[in-house]
4 protein chains.
Amino acid sequence: MTTTTRGRIDKRQAILEGAFTVFAREGYAQACVQEIAREAGVAKPTVYNHMTDKATLFRHALEAAARRILEERVAALEPLAAPGDDLRATLEEVAHTLLRLHTDGRSCALRRLLYSEINHFPDILDIVKESGPDRLTQALADRLARLALAGRLRAADPDLAAEQFLALLLGPLEARTRLGTRELPDAELRTMAGVAVDAFVRAWGTAAA
Amino acid sequence: MTTTTRGRIDKRQAILEGAFTVFAREGYAQACVQEIAREAGVAKPTVYNHMTDKATLFRHALEAAARRILEERVAALEPLAAPGDDLRATLEEVAHTLLRLHTDGRSCALRRLLYSEINHFPDILDIVKESGPDRLTQALADRLARLALAGRLRAADPDLAAEQFLALLLGPLEARTRLGTRELPDAELRTMAGVAVDAFVRAWGTAAA
Amino acid sequence: MTTTTRGRIDKRQAILEGAFTVFAREGYAQACVQEIAREAGVAKPTVYNHMTDKATLFRHALEAAARRILEERVAALEPLAAPGDDLRATLEEVAHTLLRLHTDGRSCALRRLLYSEINHFPDILDIVKESGPDRLTQALADRLARLALAGRLRAADPDLAAEQFLALLLGPLEARTRLGTRELPDAELRTMAGVAVDAFVRAWGTAAA
Amino acid sequence: MTTTTRGRIDKRQAILEGAFTVFAREGYAQACVQEIAREAGVAKPTVYNHMTDKATLFRHALEAAARRILEERVAALEPLAAPGDDLRATLEEVAHTLLRLHTDGRSCALRRLLYSEINHFPDILDIVKESGPDRLTQALADRLARLALAGRLRAADPDLAAEQFLALLLGPLEARTRLGTRELPDAELRTMAGVAVDAFVRAWGTAAA
DNA sequence: GATGAATGAGAGTTCATTCAT
DNA sequence: TATGAATGAACTCTCATTCAT
């Protein structure tokens with residue numbers, strides 16, 4: 001029983017991962033189910049046994065990938081929960097982690113797919129939303145609000161602060177990674193984290209920080 | 001003769017525009033040449049008479065659209081060439097114009113297409129680069145350098161300043177426009193321009209400004 | 001044990017009936033085994049446990065249906081074994097019964113299936129023959145021969161008489177039922193029986209009748 | 001021009017004929033468009049250029065075949081327009097021609113297809129109706145009415161007379177040709193025509209005939 | 001014996017591309 | 001030059017059939 005069930009679950013998992021891989025490489029329309037099946041190590045009809053059609057497969061694959069990516073990103077904010085005396089250093093650490101996650105292959109692929117297919121699948125934004133920038137921004141805003149209460153940041157508008165922190169940090173990525181097609185050396189990521197935090201602190205810091 | 005030549009040129013123009021329209025709506029793979037021909041008001045083989053194949057058609061259509069978009073954006077920086085006494089107001093004006101251009105339908109469509117097909121057409125970035133963020137950032141950096149020389153901005157690094165100005169301004173668009181699928185009311189654009197300039201001035205301004 | 005055997009027999013019965021129902025509705029090629037299994041309330045492999053393949057299933061389903069239909073038809077000739085004084089009335093009664101049986105849903109379905117698949121399954125005619133027109137005609141010819149001997153019909157050729165009786169009776173059905181897709185009201189069946197018998201008696205009757 | 005147009009028309013004709021041939025041989029569902037294309041000597045997409053889909057192709061092929069068959073049948077009634085002194089002989093001639101037409105391969109194929117697909121294509125009866133039994137019966141009834149007026153047939157009901165003439169003539173075919181799968185020798189057709197006319201004349205004739 | 005899951009083969013349909021006019 | 005027509009190649013999806021339990 002266990003093996004059967006396990007086997008089925010494993011197969012489903014393999015299909016979803018294979019699908020994401022192929023969709024990411026080829027785009028929705030170019031990806032052919034045949035190839036997804038090959039990538040997942042199953043026969044074509046097995047794919048159809050698990051997902052009704054190509055579109056459903058796409059949605060599920062996107063959702064699964066997005067869920068994982070979300071978790072990593074929110075987890076990256078952890079250090080801000082208990083920042084040490086050196087707020088700057090904590091911010092830089094978080095910034096660097098976010099940059100790394102944001103430039104990860106799967107992350108870029110997901111972003112590309114969202115942009116590509118947002119017209120044909122208007123609902124994928126909702127499927128992915130909780131894992132998208134929205135959720136991350138909100139989690140960050142929560143952290144920043146605490147810091148503002150502690151007098152370590154200007155107490156103006158934590159939502160805006162979070163939005164601008166992420167904009168300063170991630171905005172330059174688009175050009176530097178050539179839309180996510182180029183890896184950046186870790187040194188460059190560190191520098192980017194540094195200058196972003198610099199600007200953020202000038203714009204939002206207090207003397208106390 | 002003139003008419004013939006004109007007719008041919010017009011037809012080429014119509015094909016390029018029709019192609020961009022359809023590619024933007026459907027994506028590269030889904031777009032079918034038949035439909036492009038219909039959109040352009042010509043027969044399918046006529047498309048092939050002008051462009052060798054679908055891929056070439058795609059590149060040319062992208063290039064033509066990008067060129068137009070570039071010109072508008074760079075022109076938007078014009079006010080910074082001779083800013084009045086109120087630098088803030090000038091920055092806000094420029095910021096607002098850039099936001100408007102960036103959220104324009106064609107602009108969003110171009111961005112979507114770039115993201116979608118960057119894998120299959122690695123060269124489109126070069127085709128479009130001069131019109132992409134790079135070029136705009138550089139033009140903006142030039143302006144900011146002048147202002148720094150004039151003591152109206154911190155003299156640190158104009159390239160970085162330009163990069164961060166654009167990041168603060170355009171970064172929040174992605175989430176707010178839902179990847180470019182939603183129009184924003186002009187009032188919201190004004191507010192966004194305002195808060196972005198606020199943060200920029202806190203981070204990069206001098207007492208003189 | 002008994003229950004098991006019974007259960008098995010019942011299941012076989014259910015499969016054959018489900019198969020006939022689905023084949024009748026969809027035709028051989030369109031009918032899918034999945035649907036037959038659903039109709040019979042069993043799983044797909046169970047169907048294959050009972051019948052080797054789809055073709056075999058088809059033949060058996062046809063045979064079972066045909067057998068039942070045959071019995072009814074031949075039984076309908078019963079009254080002719082001992083016709084009362086009013087031969088006409090007896091003939092009309094038999095005629096009416098035959099019409100009713102012939103326009104029954106299962107009967108029409110069987111006819112449709114025979115016509116559809118006679119090319120792919122040349123042997124189904126033999127499978128069904130004993131229950132087909134041949135057998136009925138012969139049984140009728142037997143009855144008519146007796147009547148001829150009794151001087152109540154022209155003594156010419158009972159086989160021909162039977163053939164023509166059935167032709168006069170059933171021939172018009174094809175057009176009137178639109179190839180078996182339309183029910184006829186009982187009143188119309190009575191009328192048809194009447195006029196067929198009229199003609200038959202004019203063609204084959206004797207003064208004694 | 002002429003050649004082009006002609007070529008297209010010829011191709012359409014070839015497709016319709018090929019389609020009827022293959023549909024007749026395989027049935028609707030089993031027939032594959034690939035094979036129809038091969039039979040017609042064109043490529044598969046050419047079939048789709050002319051007909052939107054398989055179903056449309058089926059309807060058109062049926063209609064074309066039915067039209068031709070209708071014309072032949074109605075033409076066969078011609079002799080009844082001016083019957084000589086020997087009405088019997090004329091009836092037999094017509095009867096024989098009708099039997100020959102009715103047992104023709106295309107005719108049988110059409111009948112089989114109608115029976116097979118009447119469930120999936122309820123409209124084919126209308127497509128074909130004018131060529132079906134209805135139309136023939138009516139044309140025959142017209143002729144018989146004239147004969148009745150001339151006192152050469154019982155003047156009762158020409159519609160009924162026509163229906164019964166055709167029933168007597170064609171009814172026995174089903175069994176004898178084994179649902180249209182067996183050719184009958186011409187001698188047998190002659191005999192069948194003879195006995196059918198015999199019976200018809202006994203049932204509907206007058207002394208004058 | 002009965003079933004959930006898996007698969008090989010094949011069908012309808014579409015599309016980029018090329019002739020012939 | 002512009003076009004109607006034709007085609008080779010591919011793709012999604014279905015189905016009869018078979019294992020493993």
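Within every chain, numbering begins at 1; the chains are lettered A, B, ... in the order of the sequence lines, protein sequences first and strands thereafter. Hydrogens, waters and symmetry mates play no part in the numbers below; they use all other heavy atoms, side chains included.
- The structure places CG of C:Asp10 at 8.0 Å from CD of C:Gln13, a figure rounded to the nearest 0.5 Å.
- C:Thr46 and C:Asn49 form no side-chain donor-acceptor contact under 3.5 Å, judged by distance and modelled atom types alone.
- Here the straight-line distance linking atom CZ of C:Arg25 with atom CD of C:Gln30 works out to 12.0 Å at 0.5 Å rounding.
- Distance check: C:Ile15 CD1 to C:Leu57 CG gives 7.5 Å after rounding to the nearest 0.5 Å.
- Whole-Å rounding puts the C:Arg12 CZ to E:dG1 P distance at 14 Å.
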Problem set entry | Intra- and interstrand pairs of DNA chain E - dot-bracket, Watson-Crick/G-U under 3.5 Å, | marks other strand | .||||||||||||||||||||

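- Between the CE atom of A:Met51 and the P atom of F:dT14 there is a distance of 15 Å, given to the nearest Å.
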Mind listing the N/O atom pairs, protein and nucleotides 10-12 of chain F, below 3.5 Å?
unit_1, atom_1, unit_2, atom_2, d
F:dT12, OP1, A:Ala31, O, 3.1
F:dT12, OP1, A:Lys54, NZ, 2.9
F:dT12, OP2, A:Val33, N, 3.1

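- At whole-Å resolution of the value, NE2 in D:His50 and C1' in E:dT13 are 16 Å apart.
- Classification of C:Arg59 and C:Asp126 as a salt-bridged pair fails, no side-chain N sitting under 4.0 Å from a carboxylate O.
- Note: CZ (D:Arg38) to C1' (E:dA11) measures 13 Å, nearest angstrom.
- Considering only the side chain of B:Thr46, F:dA2 comes nearest among F:dG8, E:dT7, F:dA2.
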Review item, side-chain donor-acceptor pairs of residues 110-117 of chain B, under 3.5 Å, at least two apart:
unit_1, atom_1, unit_2, atom_2, d
B:Arg111, NH1, A:Glu174, OE1, 3.2
B:Arg111, NH1, A:Glu174, OE2, 3.2
B:Arg111, NH2, B:His102, NE2, 2.5
B:Tyr115, OH, A:Glu174, OE1, 2.9
B:Ser116, OG, B:Arg112, O, 2.6
B:Glu117, OE1, B:His120, ND1, 3.4

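- The distance between atom CD of B:Glu35 and atom C1' of E:dT14, rounded to the nearest whole Å, is 13 Å.
- When the P atom of F:dC15 is taken as reference, atom CG of C:Leu57 falls 16 Å away, rounded to whole Å.
- In this model, a side-chain donor or acceptor of D:Asn49 finds a partner on the base of F:dA6 within 3.5 Å.
- Each of A:Ala55 and D:Ala43 was matched to the nucleotide of DNA chain F holding its nearest heavy atom; the match closer to the 5' end belongs to D:Ala43.
- D:Cys108 contributes atom SG, which lies 13.5 Å from atom CZ of D:Arg178 (distance to the nearest 0.5 angstrom).
- Without hydrogens or angle criteria, B:Asn119 side chain to A:Thr181 main chain gives no donor-acceptor distance under 3.5 Å.
- In this structure, D:His60 NE2 and D:Ile127 CD1 are separated by 8.5 Å, a value rounded to the nearest 0.5 Å.
- Residues passing the ring pair (Phe, Tyr, Trp, His ring centres under 6.0 Å) test with D:Phe23 are D:Tyr28, D:Phe58, sequence neighbours excluded.
- Only at 4.0 angstrom or more do the heavy atoms of residues 115-123 of chain D sit from any atom of DNA chain F, so none qualifies.
- Side-chain atoms of A:Arg106 and A:Arg68, non-hydrogen and from C-beta on, do get closer than 4.5 Å to each other.
- Each of F:dA2, F:dT7, E:dA2 was ranked by its minimum atom distance to the side chain of C:Lys11; first place goes to E:dA2.
- Residues B:Thr52 and A:Gly41 both approach DNA chain E. Their nearest nucleotides, taken by heavy-atom distance, put A:Gly41 toward the 5′ side.
- Where A:Pro45 and D:Pro45 meet DNA chain F, the nucleotide closest to each residue was compared, and D:Pro45 sits on the side nearer the 5' end.
- Scanning for side-chain contact (heavy atoms from CB on, under 4.5 Å) contacts around B:Arg38 gives B:Gln34, B:Glu35, with sequence neighbours left out.
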